[in-house]
Trainee: 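First the structure, which I've put down as structure tokens, then a few questions once you've had a look.
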4 protein chains.
Amino acid sequence: MVVRGSSRSFIETARRRQLIEAAVVTVNEVGYHRASLAEIAGRARIAKSAVAYYFASKEGLLLDVVQTVFAALGESVLTAVDGIDEPVARLLAYADAYVAHVDAERQAIAAAVEIVVSHRTADGTPLYLVEDEDDTALLRSILRAGIDQGVFVEMPLDVATGLAESVLDRAITLVQRNSGADLSVLRAHVVPFLFRALGATDD
Amino acid sequence: MVVRGSSRSFIETARRRQLIEAAVVTVNEVGYHRASLAEIAGRARIAKSAVAYYFASKEGLLLDVVQTVFAALGESVLTAVDGIDEPVARLLAYADAYVAHVDAERQAIAAAVEIVVSHRTADGTPLYLVEDEDDTALLRSILRAGIDQGVFVEMPLDVATGLAESVLDRAITLVQRNSGADLSVLRAHVVPFLFRALGATDD
Amino acid sequence: MVVRGSSRSFIETARRRQLIEAAVVTVNEVGYHRASLAEIAGRARIAKSAVAYYFASKEGLLLDVVQTVFAALGESVLTAVDGIDEPVARLLAYADAYVAHVDAERQAIAAAVEIVVSHRTADGTPLYLVEDEDDTALLRSILRAGIDQGVFVEMPLDVATGLAESVLDRAITLVQRNSGADLSVLRAHVVPFLFRALGATDD
Amino acid sequence: MVVRGSSRSFIETARRRQLIEAAVVTVNEVGYHRASLAEIAGRARIAKSAVAYYFASKEGLLLDVVQTVFAALGESVLTAVDGIDEPVARLLAYADAYVAHVDAERQAIAAAVEIVVSHRTADGTPLYLVEDEDDTALLRSILRAGIDQGVFVEMPLDVATGLAESVLDRAITLVQRNSGADLSVLRAHVVPFLFRALGATDD
DNA sequence: TATGAATGAGTATTCATTCAT
DNA sequence: TATGAATGAATACTCATTCAT
């Protein structure tokens with residue numbers, strides 16, 4: 001078994017990354033429900049049993065994929081809004097960064113989303129009910145500030161956050177359905193669309 | 001095997017409906033990829049092989065679920081907009097009916113959506129790439145008319161349709177994550193949100 | 001259950017013949033091991049369960065096919081040699097009639113042979129070990145007479161019968177491998193071949 | 001899954017041989033169409049799924065049985081005729097070796113023949129229509145030479161080859177019907193029988 | 001650190017048979 | 001006489017996991 005000390009060995013880190021990438025590729029190529037360990041390990045040019053060496057289980061690997069991918073997305077948007085105070089500008093930065101990240105990391109995003117919607121834990125719980133951290137916290141805080149300051153129209157915060165997320169996630173839907181989709185047209189219109197919906201102007 | 005074409009017997013119709021309902025319940029309870037024929041047949045209190053008697057395959061059953069559920073949704077919105085000409089009024093009727101239908105048929109909708117996003121045909125094609133009919137045709141036609149008449153803001157039709165659909169589908173996301181979710185708050189805000197986003201007013 | 005009195009009703013006889021023919025066609029089209037009751041009944045345009053009405057079991061139907069087909073072959077050769085006394089002439093008549101019958105009834109023969117070589121009874125016994133009557137009795141008696149009279153070379157009777165049968169069955173092999181095979185060339189040479197092998201001349 | 005190409009491990013080779021032998025035994029005991037993976041695996045005292053580990057499919061295993069068995073038969077006859085030039089002597093060596101091999105390897109031969117006549121590929125094609133190599137090539141070449149040199153009677157080559165094969169295959173029929181059959185009497189007479197049929201003398 | 005070997009539980013599907021009508 | 005309905009047993013196959021090395 002792998003010793004889970006303070007730090008992972010260099011080779012272990014490399015192998016884990018390699019397997020996560022192989023899992024992304026596999027899920028995109030054959031879909032979640034045919035992404036067996038054999039397929040994933042084969043793509044990583046590693047023995048199937050070696051996966052067990054680095055991940056406690058197949059589920060552990062898939063969860064790591066999800067976590068890794070969404071952590072990167074979270075970091076992108078966090079970096080984008082860093083240092084910006086004004087809600088409208090923050091939302092603009094957030095939305096731009098969000099769609100840009102989806103555009104740039106479409107393979108990883110598509111795979112992670114497919115895993116999230118398809119996977120269930122042993123007791124049947126879907127993954128989006130398992131998430132410990134709230135991915136929408138940042139978006140929520142931006143909207144809260146904007147509504148409080150009166151630059152966005154008055155709305156229940158949950159509703160506003162959910163709808164804004166749905167709008168931005170249109171980018172994900174597009175790359176899922178067509179991995180080569182051109183997002184530039186969407187990117188040109190999604191922010192104005194969202195700003196109008198929130199009762200703001202982006203000028 | 002059941003002969004197609006002529007007409008289905010009373011009992012066959014009943015059994016097929018029963019199995020479709022059992023499939024919906026099963027998918028909601030254990031998720032798509034654990035919804036085995038054994039689970040479905042068990043919930044229908046029927047032998048596993050009886051499923052094969054009424055449906056050529058498991059895929060046939062699941063596709064029937066999807067078709068049945070979305071046909072009902074399509075009929076709801078079609079009925080709602082029937083006789084209304086003006087784009088703004090038509091969109092209002094459409095959106096209201098859409099969310100109301102999701103609210104009322106949440107079990108069926110949640111299951112059908114999970115099937116659509118999770119299922120792959122034998123050659124690996126996801127279901128949303130297989131659909132022959134365009135579910136968004138009605139919404140698209142409404143938006144086209146509104147944009148043409150200048151009551152909605154100028155936007156590429158594909159983008160407008162996709163974003164509008166994403167907004168409305170927020171209702172589905174909510175019932176998927178929590179089958180007992182209260183949609184009333186969302187219902188009160190989603191139409192104004194969408195109208196603002198499209199540059200229209202609903203007064 | 002069908003009453004097994006002294007005689008079968010007209011309709012029962014017709015149905016049984018119909019099913020036997022359907023079984024022949026089915027075995028030829030899809031092979032023994034895919035010749036399910038559903039396939040056979042379908043080709044006979046009869047409900048699957050109706051087969052059970054006329055035959056105790058699927059095995060009963062297949063056995064009837066075998067018996068019917070080989071009875072006809074036996075009758076052909078018996079008729080052919082009838083009234084002929086001289087062994088060489090009898091063998092000539094037998095062999096000619098045998099190959100001619102195979103040629104004429106190739107569909108039925110091919111199916112019956114496939115059943116015989118493929119089918120096993122419930123306890124695993126192959127069909128050729130089940131046969132109660134000896135299909136080779138006539139051929140054996142002809143050869144015995146010929147050897148006794150010194151017109152055929154001296155040979156153990158079993159060996160002679162078996163080899164003669166093998167030679168004649170080449171016709172069956174040909175129609176099995178290719179249902180449209182032209183047997184005329186074989187027919188022209190098989191009798192001289194067999195006669196030479198037995199040390200006789202056919203002039 | 002087992003990697004092909006490079007080279008098989010010692011244990012893999014052993015397991016495959018073991019499974020092929022188990023398949024032979026199983027087919028002989030219960031017949032082709034009851035020779036399920038469970039039966040075969042049970043006789044090999046191995047888990048059913050282990051069969052899948054060494055053979056891509058049941059069909060792959062059975063085809064390997066056929067190929068192995070007929071390759072050995074082909075090698076026997078090839079070795080027997082090696083270095084012999086004269087057609088009569090070559091045919092004598094061929095026929096003797098053929099029947100001797102059937103006698104010695106009767107279990108394997110019986111099983112392989114039953115597989116060949118019973119098995120169908122997924123699209124329904126019988127095995128003897130699939131064979132790429134021609135098992136009768138050597139026999140054919142011997143007969144062609146003999147006919148050309150005038151030591152065998154003039155006959156169409158296809159007919160001569162087919163009939164000679166049928167004669168020799170009488171040995172297979174005997175061991176199939178009775179695995180303990182004594183072939184010595186047949187062996188004493190089959191070659192003279194065949195030589196007479198071909199118009200040759202074996203002195 | 002890595003893997004080949006092996007397995008048990010689970011998958012959809014096929015099919016001859018039974019039975020009430 | 002005939003059948004639609006239903007089933008249980010069996011089928012090949014898949015796959016995550018375990019383990020000795």
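In what follows, every chain begins at residue 1, and chains take the letters A, B, ... in the order their sequences are listed.
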Trainee: Check every atom of F/dT1, E/dT1, E/dG4 against the side chain of C/Tyr53 and return the nucleotide holding the closest atom.
Mentor: F/dT1

Trainee: Can you run down the salt bridge (Lys or Arg N to Asp or Glu O under 4.0 Å) pairs that involve residues 110-122 of chain D, sequence neighbours left out, and say none if there aren't any?
Mentor: C/Glu114-D/Arg120, C/Arg120-D/Glu114

Trainee: Return the nearest nucleotide to the side chain of D/Ser9; candidates are E/dG4, E/dG8, E/dT1.
Mentor: E/dG4

Trainee: Run the side-chain donor-acceptor check on residues 17-24 of chain B: report pairs under 3.5 Å with partners two or more places apart or on a different chain.
Mentor:
{"residue": "B/Gln18", "atom": "OE1", "partner": "B/Arg15", "partner atom": "NH1", "Å": "2.7"}
{"residue": "B/Gln18", "atom": "NE2", "partner": "B/Ala44", "partner atom": "O", "Å": "3.0"}

Trainee: Given atom CD of D/Gln18 and atom P of E/dA5, what is their separation to the nearest angstrom?
Mentor: 13 Å

Trainee: Rounded to whole angstroms, how far apart are CD1 on C/Ile40 and C1' on E/dT17?
Mentor: 14 Å

Trainee: Given E/dT1, F/dA5, F/dT7, which nucleotide is nearest the side-chain atoms of A/Ile11?
Mentor: E/dT1

Trainee: Between the protein and nucleotides 12-16 of chain E, list every N/O to N/O distance that falls short of 3.5 Å.
Mentor:
{"residue": "E/dA12", "atom": "OP1", "partner": "B/Leu37", "partner atom": "N", "Å": "3.2"}
{"residue": "E/dA12", "atom": "OP1", "partner": "B/Lys58", "partner atom": "NZ", "Å": "3.0"}
{"residue": "E/dA12", "atom": "OP2", "partner": "B/Leu37", "partner atom": "N", "Å": "3.1"}
{"residue": "E/dT13", "atom": "OP2", "partner": "B/Lys58", "partner atom": "N", "Å": "2.8"}
{"residue": "E/dA16", "atom": "OP1", "partner": "C/Leu37", "partner atom": "N", "Å": "3.4"}
{"residue": "E/dA16", "atom": "OP1", "partner": "C/Lys58", "partner atom": "NZ", "Å": "2.9"}
{"residue": "E/dA16", "atom": "OP2", "partner": "C/Leu37", "partner atom": "N", "Å": "2.7"}

Trainee: Holding to side chain to side chain donor-acceptor pair (under 3.5 Å), I want the full list of residues that pass it with B/Gln176, two or more places apart in sequence or in another chain.
Mentor: none

Trainee: Between the side chain of D/Lys58 and the main-chain N/O of D/Ala35, is any donor-acceptor distance below 3.5 Å?
Mentor: yes

Trainee: Please list, one pair per line, the donor and acceptor atoms closer than 3.5 Å that link side chains of residues 123-130 of chain B to other protein atoms, with sequence neighbours excluded.
Mentor:
{"residue": "B/Asp123", "atom": "OD1", "partner": "B/Thr121", "partner atom": "OG1", "Å": "2.4"}
{"residue": "B/Asp123", "atom": "OD1", "partner": "B/Thr125", "partner atom": "N", "Å": "3.3"}
{"residue": "B/Asp123", "atom": "OD1", "partner": "B/Thr125", "partner atom": "OG1", "Å": "2.8"}
{"residue": "B/Asp123", "atom": "OD2", "partner": "B/Thr125", "partner atom": "OG1", "Å": "3.2"}

Trainee: Parallel, tilted or perpendicular, judged at 30° and 60°: which one describes the rings of A/His33 and B/His119?
Mentor: parallel

Trainee: Could you list all the salt bridge (Lys or Arg N to Asp or Glu O under 4.0 Å) pairs where at least one residue sits in residues 38-50 of chain B, not counting sequence neighbours?
Mentor: B/Glu29-B/Arg43, B/Glu39-B/Arg43

Trainee: Taking only residues two or more places apart in sequence, or in another chain, which ones meet C/Val117 in a side chain to side chain contact (heavy atoms under 4.5 Å, CB included)?
Mentor: C/Val113, D/Val117

Trainee: Using the closest heavy atom to pick a nucleotide of DNA chain F for each, name whichever of C/Val51 or B/Ile46 lands nearer the 5' end.
Mentor: C/Val51

Trainee: The criterion is side chain to side chain donor-acceptor pair (under 3.5 Å); which residues satisfy it with A/Thr68, sequence neighbours excluded?
Mentor: none

Trainee: How long is the line joining NE2 of A/His119 and C1' of F/dA16, in whole Å?
Mentor: 12 Å

Trainee: Is DNA chain E part of any stem, that is, at least 3 consecutive Watson-Crick or G-U pairs with both distances under 3.5 Å, and where?
Mentor: E:2-21 with F:2-21

Trainee: Rounded off to whole Å, could you give me the CZ-to-C1' distance for the D/Arg45 and E/dT7 pair?
Mentor: 17 Å

Trainee: In whole Å, I'd like the distance from the CZ atom of D/Arg16 to the P atom of E/dA5.
Mentor: 12 Å

